Novice: 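Just passing along the structure, written as structure tokens.
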There are 2 protein chains.
Amino acid sequence: MTQKIDNDALTKERILDKAEFLFSQKGYHAVSVREITKAARCHVGAVNYHFGSKKNLYLSVFRDRWLNRALRMQQFFRDSLPDRESPTPAEVVRALAQAFIGGPLSDEERLRHHQLMAREMAKPSEALDMVGEEGMKPFFKELVLRLGPAMPEGIGRDRMMLNILSIFAQVLYFNFARSAVTLIAGREYDREFNAMLVEHIIEFSLNGLGGTSEESRG
Amino acid sequence: MTQKIDNDALTKERILDKAEFLFSQKGYHAVSVREITKAARCHVGAVNYHFGSKKNLYLSVFRDRWLNRALRMQQFFRDSLPDRESPTPAEVVRALAQAFIGGPLSDEERLRHHQLMAREMAKPSEALDMVGEEGMKPFFKELVLRLGPAMPEGIGRDRMMLNILSIFAQVLYFNFARSAVTLIAGREYDREFNAMLVEHIIEFSLNGLGGTSEESRG
DNA sequence: TTGACATTCGAACAGTTGTTTGATACAAAC
DNA sequence: GTTTGTATCAAACAACTGTTCGAATGTCAA
């Protein structure tokens, strides 16, 4: 009764995958259900059958895809930290940047991930509430705890949050604003440029954090 | 023959204004012509009469509104620079950040401005080409010229561009991602928080630039 | 007043939107 | 075999999309 053998779950999964791709590329309203089903090689009713509505399909993308990836990146970040008790801020920032720029995600996955989030930030929906509570907030709290004790003394909680946000700002920007960066920098996102970006964000962020370490020359 | 006396030009201007507001808030596809005309208190045909098409209305928003504001901010930046021959990178960055965060724009104008651009970067259209060529590229070239001679020696052109992009990344982010920042930071964008943001971006950017000055405590 | 003009209005256009429905196919349980 | 539950498919739904059209309106020049 649950599923046939093969094509059943696959159809739902195909829809989810194509929907995520198209939503990330064009945004919610610019993508029609028919465009999704065409890409997923199924019929229009399939979306409402499997997900109830277009809106719910969009939420499912965040629940079943985005959140998983976010947690994977967070785990990668923890595994990248040195074994010692209290890593230096520099080490935390480096692990953070590497997890979110390099990390466990393929280039294409990362592009989807950050474009979806950028759109969600530009016009928040229930999706942001959900992944915000279950994915972003807890991780942010964790970051504050890790960075807190070792930060330049006297720095306020507010100031520290802003620092972390500035790091995410760059990670997000250099992913979702690729076209503008390409236009301005006159460079494509090839392997070499990607590597340069990683190094730049790490260095810029380490310095920005307060120049707490000479490790910034990475 | 050209215009009536009053309501003529005003209708076109009202459409442009409401269109800009709605486009910046929801994005191109999420806004219907009827929604715009309803907000502008005119009739559906008015858009096609005055602008030809919805797409052209969108382009007009960038041509007649966005570009003007960009140029105004750039001029404000120049006027903020000290009179001396070659301002230090710190002075340039400070003038830059202040022009784009504070500057000649009202809070609401700035919000519109950066949200429009963020959307355009997420999915570029002809609009980005246009304002890219006429607004962004020339200003970027100017920045490179101003910063170039005084930067930490040996820094590559590429690296310098990335530094500037990282500054813009923050300016853009803290404007278009207000909801996420509010969610994470637990603070509204009140006057106090805005002031803190300005100071943070300047400090973070000055440090990120390479810690070239102790002025960073500004 | 007359004519020319630009603008407004209301209605309608054809096309697309998300969603619903009923028929059909198919596998597993009885 | 029959029954049961699930998935696929095609057709249709009403609502909305951007755009076009012709009549009406108001304003200026002659």
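Keep in mind the model is a prediction, meaning the values are calculated, not measured. Order of the sequence lines sets the chain letters (A, B, ...), proteins ahead of strands, with each chain counted from 1. Just so you know, these numbers use all the heavy atoms, side chains as well, and skip hydrogens, waters and symmetry mates.
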Novice: Let's see if you can work this out: which of D:dT20, C:dG18, C:dT7 has an atom nearest to the side-chain heavy atoms of B:N48?
Specialist: D:dT20
Novice: So which nucleotide from D:dT6, D:dG18, C:dT19 ends up closest to the side chain of A:V33?
Specialist: C:dT19
Novice: Between D:dA11 and A:H43, is there an OP1 or OP2 to side-chain N/O distance shorter than 4.0 Å?
Specialist: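 Negative; the distance criterion is not met.
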Novice: Nearest to the side chain of B:Y49, which nucleotide is it out of C:dT8, D:dT19, D:dT8?
Specialist: C:dT8
Novice: Is A:R63 salt-bridged to A:E134, going by a charged N under 4.0 Å from an acidic O?
Specialist: no
Novice: Between A:F51 (CZ) and C:dT19 (C1'), how many Å, whole number?
Specialist: 16 Å
Novice: When the distance from NE2 of B:H50 to P of D:dT20 is rounded to whole Å, what number comes out?
Specialist: 15 Å
Novice: Considering every strand and a 4.0 Å limit on heavy-atom distances, what is the contact class for A:V47: base, sugar-phosphate, or nothing?
Specialist: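 Here A:V47 touches no strand at all.
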Novice: Can you spot which of A:V61, A:L57, A:L59 makes a side-chain contact (heavy atoms from CB on, under 4.5 Å) with A:F51?
Specialist: A:L57
Novice: When you measure from the side chain of A:Y189 to the backbone N and O of A:F174, does any donor-acceptor pair fall under 3.5 Å?
Specialist: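 The answer is yes, because a donor-acceptor pair under 3.5 Å joins these two groups.
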Novice: Starting from P on C:dG18, measure out to OH on A:Y58 and report it in whole angstrom.
Specialist: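 To the nearest whole Å, that distance equals 15 Å.
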Novice: D:dC9 C1' sits how many Å from A:I15 CD1, rounded?
Specialist: 13 Å
Novice: Nearest whole Å is fine: how far is C:dA11 C1' from B:R34 CZ?
Specialist: 11 Å
Novice: Output the single nucleotide from D:dA7, D:dT19, D:dA12 whose closest atom is nearest the side chain of B:K54.
Specialist: D:dT19
Novice: If you compare every side-chain N and O of B:T11 against the phosphate oxygens of C:dT7 (OP1, OP2), does one of them come in below 4.0 Å?
Specialist: no
Novice: Less than 4.0 Å between a side-chain N and a carboxylate O, is that true for A:R14 and A:D17?
Specialist: no
Novice: Working note: A:E91 + A:R146, criterion salt bridge (Lys or Arg N to Asp or Glu O under 4.0 Å); need CA distance, chi angles, decisive distance, verdict.
Specialist: CA-CA 10 Å; A:E91 287 166 335; A:R146 284 190 194 280; over 6 Å; no
Novice: Rounded to whole Å, how long is the line connecting atom NZ of B:K38 with atom P of C:dT8?
Specialist: 20 Å
Novice: Just N and O in the side chain of B:S32: are any of them under 4.0 Å from OP1 or OP2 of D:dT17?
Specialist: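 So the side chain of B:S32 is within the cut-off, an N or O lying under 4.0 Å from OP1 or OP2 of D:dT17.
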Novice: CD1 of A:I36 versus P of C:dT16: gap in Å, rounded?
Specialist: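 Whole-Å distance recorded here is 17 Å.
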Novice: If I take atom CG in residue B:L59 and atom C1' in nucleotide D:dG18, what distance separates them, rounded to the nearest angstrom?
Specialist: 16 Å
